[in-house]
Peer 1: 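This is the structure, below, for whatever I ask next.
First listed ligand is number 1; within each ligand, the first listed atom is number 1.
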Amino acid sequence: ASEKAELIAHIRTLMAREKAVLVAHYYTDGDLQALAEDSGGLVADSLEMARFGTETSAETLIVCGVRFMGETAKILNPEKRVLMPSLAATCSLDEGCPADAFSAFCDAHPERQVVVYANTSAAVKARSDWVVTSSIALPIIKHLHAQGEKILWAPDKHLGHYVQRVTGADMLLWDGACVVHEEFKGFALERMRRLHPDAAVLVHPESPDEVVNQADVIGSTTQLIRAVVDRPEQEFIVATDAGIFWKMQQLAPGKKLIPAPTAGEGATCESCAHCPWMAMNALQNLAQVLERGDQDIQIPEDIRVRAVQPIQRMLEFAR
Ligand code: 13P
Ligand code: SF4
């Protein structure tokens with residue numbers, strides 16, 4: 001067997017020994033997604049990852065993704081051990097929204113409902129009324145707006161702008177962005193669309209407004225993958241992390257997938273958007289974390305009990 005096949009077999013043995021199940025995000029390496037899928041785990045967007053953790057009976061959850069995903073799993077399942085291949089896998093949105101500054105911002109606007117994106121620390125979630133992911137942000141803000149609520153939104157300003165435009169809600173936005181999606185360029189996308197006039201444009205809402213405005217479909221990773229499968233077009237320009245192509249190709253092998261441009265000229269695959277923190281997940285450090293049992297997520301209980309409420313509110317709403 002090849003070295004890789006041996007490593008995968010070794011990981012499977014360790015997972016059985018540790019009664020562990022693997023949950024991976026679509027932006028992680030294809031080998032990890034394949035392993036999650038055929039070992040009884042899940043490959044998913046962040047909302048589905050959160051839900052899956054609460055539904056499995058496994059004693060150990062291994063979360064391949066970025067830190068907020070592991071933290072959400074631990075917040076919802078304190079009795080389970082939650083391991084991650086690397087605890088250093090952060091997210092620019094999380095980093096750009098420190099709990100102290102965020103809390104002061106909330107204190108200055110006590111009349112607003114605090115809605116935070118899942119891409120935040122446990123402490124920021126603990127200060128919120130609602131947590132949302134990209135798949136459920138629109139309906140939740142619509143619901144709050146219909147009840148006459150004013151919103152304080154953090155941290156992604158691009159997702160915030162998009163939701164504000166669609167719902168008309170009164171939203172005060174924190175100034176954060178995803179470093180990966182922010183690289184997509186509106187004018188280069190226009191040029192690419194002229195070159196591929198039959199292609200549908202799929203955009204993750206963490207992208208800048210001028211990119212979102214050109215989209216045929218705006219949605220979470222799962223929603224974009226579904227669009228490739230369900231829509232009649234044979235070509236798709238895709239503005240999100242390149243990790244998503246693994247699943248899109250698997251489910252729609254005949255369709256042509258074109259990475260949206262991240263620079264002035266049209267993109268080649270070498271210049272594809274790819275999250276450096278998602279890329280910290282690999283077969284090697286997955287094996288290591290299973291061998292050693294270290295790299296487990298810990299959340300102080302006083303923060304956890306506050307953070308779990310807005311997350312559960314989201315899961316209830318999504319039902
Ligand atoms: P999804 O919830 O759409 O999977 O997004 C998570 C994320 O981090 C996107 O950059
Ligand atoms: Fe965070 Fe962007 Fe990476 Fe998603 S792609 S984890 S939002 S930095």
Side-chain angles (χ1 to χ4, degrees), residues 23-29 32-33 36 42-53 63-73 84-97 115-121 124-125 130-140 153-163 174-184 202-208 211-212 215 217-228 238-248 259-260 262 272-281 311 314-315 317-318:
V23 194
H25 189 264
Y26 293 119
Y27 294 165
T28 59
D29 186 80
L32 295 171
Q33 296 187 47
L42 183 79
V43 186
D45 70 8
S46 26
L47 179 67
E48 295 162 340
M49 288 175 81
R51 192 185 291 128
F52 180 81
V63 177
C64 288
V66 293
R67 194 172 167 119
F68 80 83
M69 295 169 174
E71 288 188 350
T72 298
M84 297 189 76
S86 170
L87 293 182
T90 183
C91 163
S92 64
L93 288 164
D94 185 346
E95 293 294 304
C97 190
V115 182
V116 303
Y117 195 30
N119 302 34
T120 45
S121 65
V124 165
K125 289 185 176 77
W130 287 82
V131 169
V132 301
T133 70
S134 62
S135 65
I136 195 89
L138 264 185
I140 287 181
W153 168 273
D156 189 349
K157 64 179 173 193
H158 297 305
L159 178 58
H161 272 148
Y162 161 64
V163 172
W174 183 265
D175 185 14
C178 160
V179 291
V180 179
H181 289 85
E182 202 160 55
E183 286 305 304
F184 292 117
L202 312 182
V203 175
H204 196 283
E206 288 169 12
S207 307
V211 172
V212 169
V217 179
I218 302 157
S220 78
T221 48
T222 294
Q223 290 163 343
L224 298 183
I225 290 164
R226 227 174 271 146
V228 170
V238 182
T240 194
D241 185 287
I244 204 168
F245 292 119
W246 186 83
K247 180 49 93 182
M248 286 179 170
T262 51
C272 281
H274 189 40
C275 176
W277 298 294
M278 289 285 183
M280 286 178 162
N281 297 273
I311 302 175
M314 166 179 76
L315 293 177
F317 187 94

Peer 1: Which bit of Leu47 is near ligand 1, meaning a heavy atom under 4.0 Å away: side chain, backbone, both or neither?
Peer 2: neither
Peer 1: Using a strict 4.0 Å cut-off to heavy atoms of Asn119, name the atoms of ligand 1 that fall inside it.
Peer 2: 7 (C), 8 (O)
Peer 1: Please list, in number order, the atoms of ligand 1 under 4.0 Å from a heavy atom of His181.
Peer 2: 10 (O)
Peer 1: Within the 4.5 Å heavy-atom criterion, are Trp277 and Ser92 side-chain neighbours or not?
Peer 2: yes
Peer 1: Measure the CD1-CG distance between Ile311 and Leu47 for me, rounded to the nearest 0.5 Å.
Peer 2: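 Ile311 CD1 to Leu47 CG: 11.0 Å, rounded to 0.5 Å.
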Peer 1: For atom 1 (P) of ligand 1, what's the nearest protein heavy atom and its distance?
Peer 2: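 Nearest protein contact, heavy atoms only, for atom 1 (P) of ligand 1 is Ser46 OG, 3.5 Å.
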Peer 1: With a 4.0 Å cut-off on heavy atoms, is Met49 touching ligand 1?
Peer 2: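 Judged by the 4.0 Å heavy-atom criterion, Met49 does not count as contacting ligand 1.
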Peer 1: At what distance, to the nearest 0.5 angstrom, does OH of Tyr26 lie from CZ of Phe245?
Peer 2: 14.5 Å
Peer 1: Which protein non-hydrogen atom lies closest to atom 9 (C) of ligand 1, naming both residue and atom, and how far is it?
Peer 2: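 Ranked first by proximity to atom 9 (C) of ligand 1 is Glu206 OE2, 3.2 Å.
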Peer 1: Please assess Val217 against Gln223 for the test side chain to side chain contact (heavy atoms under 4.5 Å, CB included), listing each intermediate value before the final yes or no.
Peer 2: CA-CA 8 Å; Val217 179; Gln223 290 163 343; 5.6 Å; no
Peer 1: May I ask you to identify the nearest protein heavy atom to atom 5 (O) of ligand 1, giving residue, atom name and distance to one decimal place in Å?
Peer 2: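 Scanning the protein heavy atoms, the shortest distance from atom 5 (O) of ligand 1 goes to His204 NE2, 3.4 Å.
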Peer 1: What's the separation between atom CE in Met280 and atom CE in Met84, rounded to the nearest 0.5 Å?
Peer 2: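 Atom-to-atom, Met280:CE and Met84:CE are 10.5 Å apart.
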Peer 1: My understanding is that only one of Leu159, Thr240, Leu93 makes a side-chain contact (heavy atoms from CB on, under 4.5 Å) with His181; could you say which?
Peer 2: Thr240
Peer 1: Going by the order shown, which atoms of ligand 1 are within less than 4.0 Å of some heavy atom of Asp45?
Peer 2: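 Matching atoms, with element in brackets: 1 (P), 2 (O), 4 (O).
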Peer 1: Could you tell me whether the side chain of Val63 reaches within less than 4.5 Å of the side chain of Met49, counting heavy atoms only?
Peer 2: yes
Peer 1: I'd like to check Asp241 versus His25 (side-chain heavy atoms, cut-off strictly below 4.5 Å). Are they in contact?
Peer 2: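 Counting from C-beta outward, Asp241 and His25 never come under 4.5 Å.
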Peer 1: Taking C-beta and beyond as the side chain, do Asp156 and Asn119 meet within less than 4.5 Å on heavy atoms?
Peer 2: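 Result no, sub-4.5 Å side-chain heavy-atom pair not found.
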Peer 1: Examine ligand 1 and decide if any of its atoms is less than 4.0 Å from a heavy atom belonging to Tyr27.
Peer 2: yes
Peer 1: Do Tyr117 and Cys97 come within less than 4.5 Å of each other through their side chains, counting heavy atoms only?
Peer 2: no
Peer 1: Looking at Ser220, which atoms of ligand 1 are within less than 4.0 Å of one of its heavy atoms?
Peer 2: 3 (O)
Peer 1: Tell me whether ligand 1 is touched by Ser134 - counting only heavy atoms on the residue side and a distance under 4.0 Å.
Peer 2: yes
Peer 1: With 2.8 Å as the threshold, which protein atoms of type N, O or S lie near atom 2 (Fe) of ligand 2? Leave waters out.
Peer 2: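 You should have found Cys178 SG.
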Peer 1: Quick check for you: to the nearest 0.5 Å, what is the distance between His204 atom NE2 and Tyr27 atom OH?
Peer 2: 4.0 Å
